[in-house]
Amino acid sequence: MPTDEQIERVRELVRSVPEGAVTTYGDLAEAAHLPSPRISAWIMKHDSSDLPWHRVVRADGTPAPHIAAKQLELLRHEGVPVRDGRVDMKSARATLTP
DNA sequence: TTTGTGACCTGGA
DNA sequence: ATCCAGGCCACAA
């Protein structure tokens, strides 16, 4: 289990992603000093209901399949460049500032 | 204890 | 562009 600090750190980072931008599980893991992107995913799954969870996508810009539909709609709604079911990471990827 | 399964990522073919 | 293998780590059975 990730430590409470790690969890809070990731939650803070997600909160810091501005509207119209996105981040990735890998970026979160790096910024929060987690040992693996899977931990970011674990945290998002269990403790993200009160966060802008839709701003977290995979490294290739595709959202996790089970939430893809809703997520893409939310992202489009806030002006994120979505083309053919994937986010244009080159322009939408947020810079995570510790 | 071991094994399989995931909101994952990278590098090589 | 796509596919696969290997690494990763927490958890449930």
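Lettering of chains follows the sequences in order, A, B, ..., and the numbering in each one begins at 1. Since this is a predicted model, take the numbers as computed values, not measurements.
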* Mind checking whether Leu75(A) and Val56(A) sit in one hydrophobic cluster, side chains of I, L, V, M, F, W, Y counted as touching below 4.5 Å? -> no
* Is atom CG of Asp4(A) surrounded by more than 12 heavy atoms (other residues, nucleotides or ligands) closer than 6.0 Å? -> no
* Looking only at atom P, what distance separates dA7(B) and dG6(C), rounded to whole Å? -> 23 Å
* How would you give the extent of chain A contacts on DNA chain C, as first and last nucleotide 5' to 3' within a 4.0 Å heavy-atom cut-off? -> dG7(C) to dC11(C)
* Asked: Within this structure, what is the CZ-to-P distance between Arg58(A) and dA7(B), rounded to whole angstrom?
  -> 9 Å
Check: protein-nucleotides 10-13 of chain B nitrogen or oxygen pairs below 3.5 Å:
none

* Asked: Gln6(A) side chain to Thr3(A) main-chain N or O, any donor-acceptor pair under 3.5 Å?
  -> yes
Nucleotides 2-6 of chain B: which of its N/O atoms have a protein N/O under 3.5 Å away?
from   : atom 1 : to       : atom 2 : distance (Å)
dG6(B) : N3     : Arg38(A) : NH1    : 3.4

* To do: Using a 4.0 Å heavy-atom cut-off across all strands, classify Ser48(A) as base, sugar-phosphate, or nothing.
  => base
* **With Arg11(A) via side chain to side chain contact (heavy atoms under 4.5 Å, CB included) - residues at least two apart** => Ile7(A), Glu8(A), Arg15(A), Asp47(A), Asp50(A), Leu51(A)
* To do: Treat each ILVMFWY residue as a node, draw an edge where side-chain heavy atoms are under 4.5 Å apart, and state whether Leu28(A) and Met89(A) are in one component.
  => no
* Joint hydrophobic cluster, Leu96(A) plus Val57(A), side-chain heavy atoms closer than 4.5 Å -> no
* Interatomic distance, Ile39(A) CD1 vs dC9(B) C1' [rounded to whole Å] -> 13 Å
* Using a cut-off of 4.0 Å on non-hydrogen atoms, how would the nucleic acid contact of Met44(A) be classed: base, sugar-phosphate, or nothing? -> base
* Structure fact -> Judged by nearest nucleotide, the residue sitting upstream toward the 5' end of DNA chain C, His46(A) or Pro37(A), is Pro37(A)
* Any pair counted as salt bridge (Lys or Arg N to Asp or Glu O under 4.0 Å), so long as it reaches residues 23-33 of chain A, sequence neighbours left out -> Asp27(A)-Arg93(A)
* Any side-chain heavy atom of Val14(A) within less than 4.5 Å of one from Pro52(A)? -> yes
* **Leu74(A) reachable from Met44(A) in the ILVMFWY side-chain graph, under 4.5 Å edges** => yes
* Structure fact -> For residues 76-85 of chain A, the side chain to side chain donor-acceptor pair (under 3.5 Å) pairs (sequence neighbours left out) are His54(A)-Glu78(A), Arg55(A)-Glu78(A)
* **Ser40(A) side chain vs Tyr25(A) backbone, donor-acceptor pair below 3.5 Å** => yes
